[in-house]
Structure formats: structure tokens, C-alpha cells
Visitor: 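First, the structure itself, so that you have it in front of you.
In what follows, every chain begins at residue 1, and chains take the letters A, B, ... in the order their sequences are listed.
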2 protein chains.
Amino acid sequence: MRTAIDEILNPSCATCKELNKLFCGLSISDRDIFSQNKRKNIYKKGQVIYYEGNYPQGLFCIYSGKIKISTIGRKGKEQIVKFKGRGEVLGYRALLNDEPYNATATAISDCEVCHISKNTFLETLEKSKNLSLNTIRLLSNDLKESEQKLINLSQKPVKERVAEALLLLKKHFGLEKDGKTIEVNLTRREIGEIAGITTETTIRILSELSKEKILRLTDKKISIMNLQQLVKIGNNNSNI
Amino acid sequence: MRTAIDEILNPSCATCKELNKLFCGLSISDRDIFSQNKRKNIYKKGQVIYYEGNYPQGLFCIYSGKIKISTIGRKGKEQIVKFKGRGEVLGYRALLNDEPYNATATAISDCEVCHISKNTFLETLEKSKNLSLNTIRLLSNDLKESEQKLINLSQKPVKERVAEALLLLKKHFGLEKDGKTIEVNLTRREIGEIAGITTETTIRILSELSKEKILRLTDKKISIMNLQQLVKIGNNNSNI
DNA sequence: TTGGACTTATGATATAAATCATTGCAATAC
DNA sequence: GTATTGCAATGATTTATATCATAAGTCCAA
């Protein structure tokens, strides 16, 4: 019988189910298979969950914490591809293609991450209609985001890209109780890595947005004082 | 009974099956359902198969010809996202998400394109394990290409992007019998739209590559005289 | 508590690529 | 046969952003 201690050490996948778009709608028995074949691991801020180029051994599920997915581009410059938070799954693209990861996953806060073995996942995928339909939904949504980002990143000037990066952070991490401050601590360099621009340019754009009263910068925290205007600058189609 | 005329007017999906990654491995009965619920249409070069922003009514399958997928970015500038050829399927991302197309599909040569209705596809997807696993493979492969393109497009200088665009064309459309000339006619503007750069810059880069004896430019045709060098410039990871 | 390693900040300079402008050429229309 | 349009080609100019340089503030470790 499962005790409260068990639940803390290795939480049941049922606990996560509302958060997790991949496993929702799965049968009890399928969820039990996942619960029994996974382990929860701890990653400290800055630690790496998986490295670009390595082969996936399974699927990762975030139980708590925040993770960035990034790759090394030109001249060793890091490019942040996306963020993942509580309840989200990572590493499935590489797992499904049976290919090396093409990006590195790094904890940007302390994290608890479950790991489901490759065989467990792939066998269940073969059996479960719901799981494969959920996977299709997840992938096609990722594809949409990636294709949209492609256009944005290659065609928008830096100010719009920074605005967009901030909106992305807001969408993904939410706001503090004040309803204005983005609930994440990132350096200027990391924000630049989302927008694909240099640190110096990022700093300049941020202070420009601050002078325009669109943002307020306090310590590492960024508060959105004029969301409407920021959205207008980012003029982005979806990340409000 | 199907006659030869039937086959020309509305070819059986069985005919395409080796080419088509989505339908391969499907049961006879599933393939018959597709065969019976589709129509083959003709599109002349330059005609549009579907428009960005419109809702999908079904799935398109290329029986013959070449199609470009593009979107309108900044300042009305067109960005070519990818190409599709014989046997390939298009429009599934939007169909699966039940969202508007986020790009426009245009014939770049005369085409025959089959159309399978939305319901037929989605119902079969619910029923057929093979179809959903194939869909997953297709999507995860698209996702990989899109994520890779993201890094390339945003970080590489124009010369590398042009080299890459040419390699992409070679991969997708192949070479003529001489083993050097790319089997497609595109304007300089269109090549620029693949690489995300202006027409003038494209022309300059192409003539530079021509001076370096890497390319030979004759009329609209582009011949790759030094593939090794072109790959080195594109230093791309996968599109050889 | 001092030194080192980051991070923010800002100015000066360099540079890649866009934009603007012109010309010639080939294909198509009148 | 001439006008018109679209594309290739190239030069001159502009502009956005990267790069280089410096300084001050902050965090952490020894």
C-alpha cells in the first residue's frame, strides 16, 4: 500500500494528471504502469537534465520547478529555444525519432523531475489510443510554436523580439501577486538568448522600454507596467 | 470495378503508398476508405492550394508536382518555410490542431493534388494505430527540421544561409542527369525568400559563389560544381 | 574584507545586410 | 515593331545591430 512518504518520494502519476497534457485521459492501468516505472530525481538550479547530442533513455516529466531548453549556435552562443514548467513533459521529440537530443535541458530553479523509461513509454504508446492522440496534439502544438518562432526570430527587429520574449516569459511563468512582475529571475544575458541578440543590445532595449514606462526594472525583476503597449510592440499573434 | 480511366482520374491511394510516409502500413480497408473519400484536383503553376488564415477542410496529398509553403512576414515580405513534393502530405498540422493554416501553399509547378476530407482523416486516425504512429513520426520529424531551421536562420550569416538553401533544394528536388544542376526553376527572389534575405543580397551571394567556382549559373538553372565546398560553407548538420 | 568573477550599464566604432537607384536584358503584350 | 513588365546585376548609401572598451555595482568565496 502507498503511504504518504511514498507519495513524496515518488508521487503517483495520477497526482499530476490535470497538469499533464500527455497523460490526461489515460486509463488507470496505463497510469499505474507509468507510476511504477518511473523515478523522481532532484536537480538543483543550474544542473543539466540532458545534454544536446546524447541519446534519450526515456521521458522526463516536471513535477516542480522550471527548465530551459537551449542549444549552442554560432560562435558558442547559447540560444534558448523554450521553457518548460510544472506538469510539462520533455525529451519526447528525440525519443520518438530515436535520435540524439538536439538541445540541452537545464534547471533554472530547483526542480523535481520524474523519469519514465523509454520502453515503458514506447510500449504504452503502441497500446494506448489516448496516449498517441495526446502525443499528436502535443507535437502539432510544438510544431506550430516552432514555426511561428521561425518567422518572428528571423524577421523582427530586436525591440519586437525582446517584447515578445517578455510576453513569452509572462505566459510561461505568470505574474506575482501584484499582477505586473514576471515570476522568474533571469539575467539580461539569458533574456538576450531567448530573443537571439547580444547582452548589450538587450540591456539597451530594456532600459529604453523602461524609459518609455512600459517596463519597470527593479533588481533582477521585470514588471510590465503597460501590457497593451508591450503587446503592440511585440505585435505577436498568440502569446498574450 | 475500377478501370484504367478511373485510376487516372482518381488514382487509388494504394498507388502512392510507397511514397507516402503517412499512409504506409495502413490496412487495405483503411486505404480503401481514403481512396473512396478523396478527389484529385489540378493546380497550375502559381495557383494556391490553401491560404494562410483559412481553416482546413481536409488533408492534401501531392500526386505529382512541387509546392512551396510560405508565409507573409514583416512588411509583406514572403518567407518560404518549406517545400513539398510527390507523395508528401500537407496541411495536417492545422487540421490536427483544428486551427487556421499558418502558411500558404502555392504550386511552383503544375500539380495534381488529392484532397481527403477532414472527417475521413480524423475518424481513421481515431481507429488506426498505424496511422496515428505514422502521424507522430511525421510531426516529430517536422518539429526537428523546424527547430534546426530556427537556429540556422537566426544565427547564420547570409552566405551560409544561401548555401543551405541550395542544399535544401538539392535534397528536395534532386539533380538533373548531369549530377550537378538542381532540378527546379526558382527566381533569385524566391531563393532569397528561403534564406530570409533580400533579392539583391541573394544575387550578390550567388555571383560570389559563382566566382569562387562553387556554382555555375546558366539561365535560371543553378549547378553545384563543388558540393564539398558548398556543404562546408553551409556547414549544416543534415541536409546533404 | 579583500579579491575575483559576474552582471549591469553606456559610449564609440565597426560591419553586415537592407535599401535605394540605375541599367540592361529577355519575355510578353499591344 | 515597339512598348511594357519582370528579372538579373551592380554600385552607392543607410541603418540596425554586433563588437570592443570601460566603469561601476553586486555577489560569493577564500
Visitor: Rounded to whole angstroms, how far apart are NZ on B:Lys77 and C1' on C:dA18?
Guide: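 Answer to the nearest Å: 7 Å.
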
Visitor: Whole angstroms only, please: what is the CG-P distance between A:Leu217 and D:dG25?
Guide: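 Whole-Å distance recorded here is 18 Å.
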
Visitor: Classify the side-chain pair A:Glu147/B:Ser146 by whether it contains a donor and acceptor separated by less than 3.5 Å.
Guide: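 Looking only at side-chain atoms, B:Ser146 and A:Glu147 do not form any donor-acceptor pair under 3.5 Å.
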
Visitor: Rounding to a whole Å, what distance do you find between A:Ile205:CD1 and C:dT8:P?
Guide: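 Rounded to whole Å, this separation is 15 Å.
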
Visitor: So, do A:Asn141 and B:Asn97 sit near enough that their side-chain heavy atoms are less than 4.5 Å apart?
Guide: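 Heavy-atom side-chain distance check passes, below 4.5 Å.
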
Visitor: Could you give the CG-to-P distance, from A:Asn185 to C:dC6, as a whole number of Å?
Guide: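 Result: 19 Å.
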
Visitor: Taking atom C1' of C:dT15 as reference, at what distance in whole Å does atom CD1 of A:Ile197 sit?
Guide: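 Spelled out: CD1 on A:Ile197 to C1' on C:dT15 is 18 Å.
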
Visitor: Return no unless some side-chain N or O of B:Thr198 is found under 4.0 Å from OP1 or OP2 of C:dA17.
Guide: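 So the side-chain polar atoms of B:Thr198 never come under 4.0 Å of the phosphate oxygens OP1 or OP2 of C:dA17.
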
Visitor: Can you find a side chain N or O atom of A:Thr187 that sits less than 4.0 Å from OP1 or OP2 on C:dT7?
Guide: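 No, no such contact exists.
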
Visitor: Are A:Lys170 and A:Leu227 packed together at the side-chain level, in the sense that at least one heavy-atom pair is separated by less than 4.5 angstrom?
Guide: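 A side-chain contact under 4.5 Å exists here.
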
Visitor: Could you tell me whether the side chains of A:Glu78 and A:Ser70 share a donor-acceptor contact shorter than 3.5 Å?
Guide: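 Yes.
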
Visitor: Using whole Å, report how far CD of B:Glu160 lies from C1' of C:dA16.
Guide: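 One finds 13 Å between C1' of C:dA16 and CD of B:Glu160, rounded.
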
Visitor: Quick one: the side chain of B:Arg204 and the base of D:dG11, do they pair up donor-acceptor inside 3.5 Å?
Guide: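 Check passes, donor-acceptor contact within cut-off.
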
Visitor: Do B:Lys213 and B:Met225 touch side chain to side chain, with heavy atoms closer than 4.5 Å?
Guide: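 In short, these two side chains do not touch, never coming nearer than 4.5 Å.
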
Visitor: Please tell me which of A:Lys159 and B:Ile203 maps to the more 5' nucleotide of DNA chain D, matching each residue to the nucleotide holding its nearest heavy atom.
Guide: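 It is B:Ile203, whose closest nucleotide lies nearer the 5' terminus.
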
Visitor: OP1, OP2 of D:dT10 versus side-chain N and O of B:Ser207: anything below 4.0 Å?
Guide: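 The answer is yes; a side-chain N or O of B:Ser207 sits under 4.0 Å from OP1 or OP2.
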
Visitor: Below 3.5 Å, does any donor atom in the side chain of B:Arg188 face an acceptor in the base of D:dT10, or the other way round?
Guide: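 Not at all, since no donor on one side and acceptor on the other fall under 3.5 Å apart.
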
Visitor: Starting from P on D:dC20, measure out to CD on A:Glu200 and report it in whole angstrom.
Guide: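 Rounded to the whole Å, the gap is 10 Å.
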
Visitor: Both B:Arg161 and A:Lys220 contact DNA chain C. Taking the nearest nucleotide for each, which residue is further toward the 5' end?
Guide: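 Between the two, 5'-proximity favours A:Lys220.
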
Visitor: Check the distance between C:dA17's C1' and B:Gln155's CD and give it to me in whole angstrom.
Guide: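 Taking CD of B:Gln155 and C1' of C:dA17, I get 17 Å after rounding.
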
